[in-house]
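Working notes, structure below.
This structure is a prediction, so every number in the text was calculated from the model and none was measured.
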Number of protein chains: 2
Amino acid sequence: MPVNPSRRSDATRTAILEAARARFAADGYERATIRAIARDAKIDPSMVMRYYGNKEGLFAAVVSPDLRLPDVASLPREEVGRALVSHFLRMWEENGELTAILRVGVTNPAGAERLQKVFKDQLLPVAEAVCPDPGQVPERAALVVSQLLGLALTRYVLRLPAVTALAREDIVAWLAPTVQRYLTAARP
Amino acid sequence: MPVNPSRRSDATRTAILEAARARFAADGYERATIRAIARDAKIDPSMVMRYYGNKEGLFAAVVSPDLRLPDVASLPREEVGRALVSHFLRMWEENGELTAILRVGVTNPAGAERLQKVFKDQLLPVAEAVCPDPGQVPERAALVVSQLLGLALTRYVLRLPAVTALAREDIVAWLAPTVQRYLTAARP
DNA sequence: AGCGTTGGCCAACGAGCGTTGACATGCAGG
DNA sequence: CCTGCATGTCAACGCTCGTTGGCCAACGCT
């Protein structure tokens with residue numbers, strides 16, 4: 001019974017998921033092979049197929065992107081930028097899931113769509129809650145995402161030394177005013 | 001003779017290069033297959049090997065990243081941000097070369113190294129020319145590259161609709177102050 | 001005209017991929 | 001005990017990939 005909450009194979013299933021998350025994050029979709037994931041999880045490749053159907057199913061199971069963005073409405077308006085940047089950093093460092101989805105999104109059309117969905121479902125509402133003029137919401141959210149994904153790209157995907165060398169608090173101090181301005185300042 | 005300036009095969013060679021640039025930009029390294037490139041160029045896959053040795057050689061021939069950054073020393077200091085952003089947009093829209101190298105850099109270790117080299121050889125000097133304190137140069141250059149690559153990622157690689165919808169002049173108007181601040185403002 | 005060189009195509013190779021199905025093993029419930 | 005199902009192993013499939021080498025046609029030279 002697939003609905004049974006506790007199965008004998010749970011250890012295998014989570015081993016597969018963990019190995020898959022690491023591989024997708026490190027290698028992207030094409031180079032993260034089922035065989036390599038199975039090797040990492042110390043099981044047979046066919047087990048992946050049995051439990052997740054196919055490679056796409058495995059990726060879908062690995063990635064359930066929830067940014068868990070804070071409720072900006074309950075924050076002082078001038079602290080939204082800092083809260084967002086700080087939260088983003090924490091989410092990215094939590095595990096490899098966001099790195100995986102970004103890396104896959106760059107080379108895989110389905111991954112790119114998933115990224116768009118995250119943007120639309122999770123970041124746009126934040127901009128809506130903060131922005132005065134509803135007509136400017138997409139523009140301002142786009143600016144914010146360009147800065148935040150740029151940080152993630154250079155720090156967690158490309159790992160440019162100059163960016164990884166930055167201290168967490170310095171990043172927050174520098175980027176918070178940028179995000180704040182994109183969200184709330186008058187259009188230039 | 002490989003040094004001969006004009007060969008009978010020049011048309012084929014450039015056809016291969018153009019098809020390769022488009023494929024690498026659209027698909028990344030792994031999914032841009034030699035067979036697909038050859039099909040686009042209407043030649044046999046073995047011709048690619050003959051002229052460029054192997055797939056890596058082809059990629060190296062396609063990509064010779066030169067940002068041609070303006071000489072910031074000759075500019076008024078407060079216009080550097082605007083000049084950089086505007087120049088970056090023009091370079092990215094010129095052809096698919098920069099998109100190709102970014103897409104490849106995300107999934108391919110060799111591509112990532114190439115990106116690091118571009119950063120080090122071309123962007124760091126700009127920061128050096130503008131920055132008062134030499135010790136802060138890497139930090140400030142890292143911040144600039146996070147914003148600029150973030151724009152390129154969301155606009156030219158992921159093509160998030162909200163970002164592609166932005167007008168060129170609006171991007172410059174919004175991002176120029178950010179870059180300017182990262183380069184010249186006092187540390188927060 | 002004859003010949004070497006260059007450009008191009010074709011068929012094939014070995015390897016790695018995702019995926020499948022047959023088969024062994026171990027654990028339950030009667 | 002035997003039966004049934006979940007779990008795991010193994011070998012193989014069809015495919016696509018990068019890459020190779022042999023073959024033919026077109027050209028430039030003397």
Side-chain angles (χ1 to χ4, degrees), chain A residues 1-24 26-63 100 103-104 107-111, chain B residues 1-24 26-63 100 103-104 107-111:
Chain A
M1 275 164 228
V3 218
N4 195 310
S6 149
R7 283 157 303 196
R8 248 190 317 146
S9 60
D10 276 356
T12 302
R13 297 176 118 97
T14 65
I16 293 175
L17 280 188
E18 281 175 27
R21 172 152 45 228
R23 280 282 175 180
F24 281 128
D27 297 337
Y29 192 80
E30 340 288 336
R31 289 162 42 105
T33 67
I34 288 190
R35 289 168 138 97
I37 292 168
R39 215 178 304 128
D40 290 355
K42 299 194 211 305
I43 46 94
D44 190 88
S46 64
M47 302 303 293
V48 178
M49 313 304 297
R50 188 196 287 276
Y51 291 135
Y52 298 101
N54 54 29
K55 192 176 180 179
E56 280 193 27
L58 174 63
F59 181 69
V62 162
V63 152
R103 220 172 207 133
V104 171
T107 43
N108 193 272
Chain B
M1 274 166 224
V3 217
N4 195 311
S6 147
R7 282 158 305 197
R8 248 193 312 147
S9 60
D10 276 354
T12 303
R13 296 177 119 97
T14 65
I16 293 175
L17 280 189
E18 280 175 27
R21 172 153 44 229
R23 280 282 174 180
F24 281 129
D27 297 338
Y29 192 80
E30 339 287 337
R31 290 162 42 106
T33 66
I34 289 190
R35 288 169 138 98
I37 292 168
R39 215 177 305 129
D40 290 355
K42 299 192 209 307
I43 46 93
D44 190 88
S46 65
M47 303 303 294
V48 177
M49 313 305 295
R50 191 200 284 274
Y51 292 135
Y52 299 100
N54 55 27
K55 193 175 180 180
E56 280 192 26
L58 174 62
F59 181 69
V62 162
V63 153
R103 218 169 209 137
V104 171
T107 43
N108 193 271

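If you measure from atom OH of A:Y52 to atom P of D:dG8, you get 12 Å, rounded to the nearest angstrom. One atom, CG of A:N54, and another, P of C:dG21, lie 14 Å apart when rounded to the nearest Å. Rounded to an integer number of Å, the gap from A:R31 CZ to C:dG18 P is 13 Å. Summarising the geometry, the separation between CE on B:M49 and C1' on D:dT19 is reported as 5 Å, rounded to the nearest angstrom. If you measure from atom CD of B:E56 to atom P of D:dC17, you get 18 Å, rounded to the nearest angstrom.
The salt bridge (Lys or Arg N to Asp or Glu O under 4.0 Å) analysis of residues 33-44 of chain A, with sequence neighbours excluded, yields the pairs A:R23-A:D40.
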Seminar exercise, completed: Given protein heavy atoms under 4.0 Å, the one-letter contact record of nucleotides 8-16 of chain C, with B base, S sugar-phosphate only and - none, is simply BBB-B----
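Minimum heavy-atom separation, B:I16 to B:I37: O-CG2, 4.0 Å.
Rounded to 10 degrees, the angle separating the terminal axes of the helix from C:dA1-D:dT30 to C:dG30-D:dC1 is 10°, with each axis obtained from five end pairs.
For A:R7, the side-chain atoms get nearest to D:dT7 when compared with the rest of D:dT7, D:dT19, C:dG7.
Side-chain atoms of B:S9 never come within 3.5 Å of backbone atoms of B:T12 as a donor-acceptor pair (strictly under, hydrogens ignored).
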For this session: Could you walk me through whether B:Y52 and B:V62 pass the side chain to side chain contact (heavy atoms under 4.5 Å, CB included) test, one step at a time?
Result: CA-CA 10 Å; B:Y52 299 100; B:V62 162; over 6 Å; no
Exercise. Please walk me through it: do A:E30 and A:N108 pass side chain to side chain contact (heavy atoms under 4.5 Å, CB included)?
Worked result: CA-CA 8 Å; A:E30 340 288 336; A:N108 193 272; 3.9 Å; yes
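Using a 30° and 60° split on the angle between ring planes, A:F24 and A:Y29 fall in the parallel class, below 30°.
Summarising the geometry, atom CZ belonging to B:R31 is positioned 10.0 Å from atom OG1 belonging to B:T33; distances are rounded to the nearest 0.5 Å.
Looking at A:I43 and A:V48, their side chains come closer than 4.5 Å, going by heavy atoms from C-beta outward.
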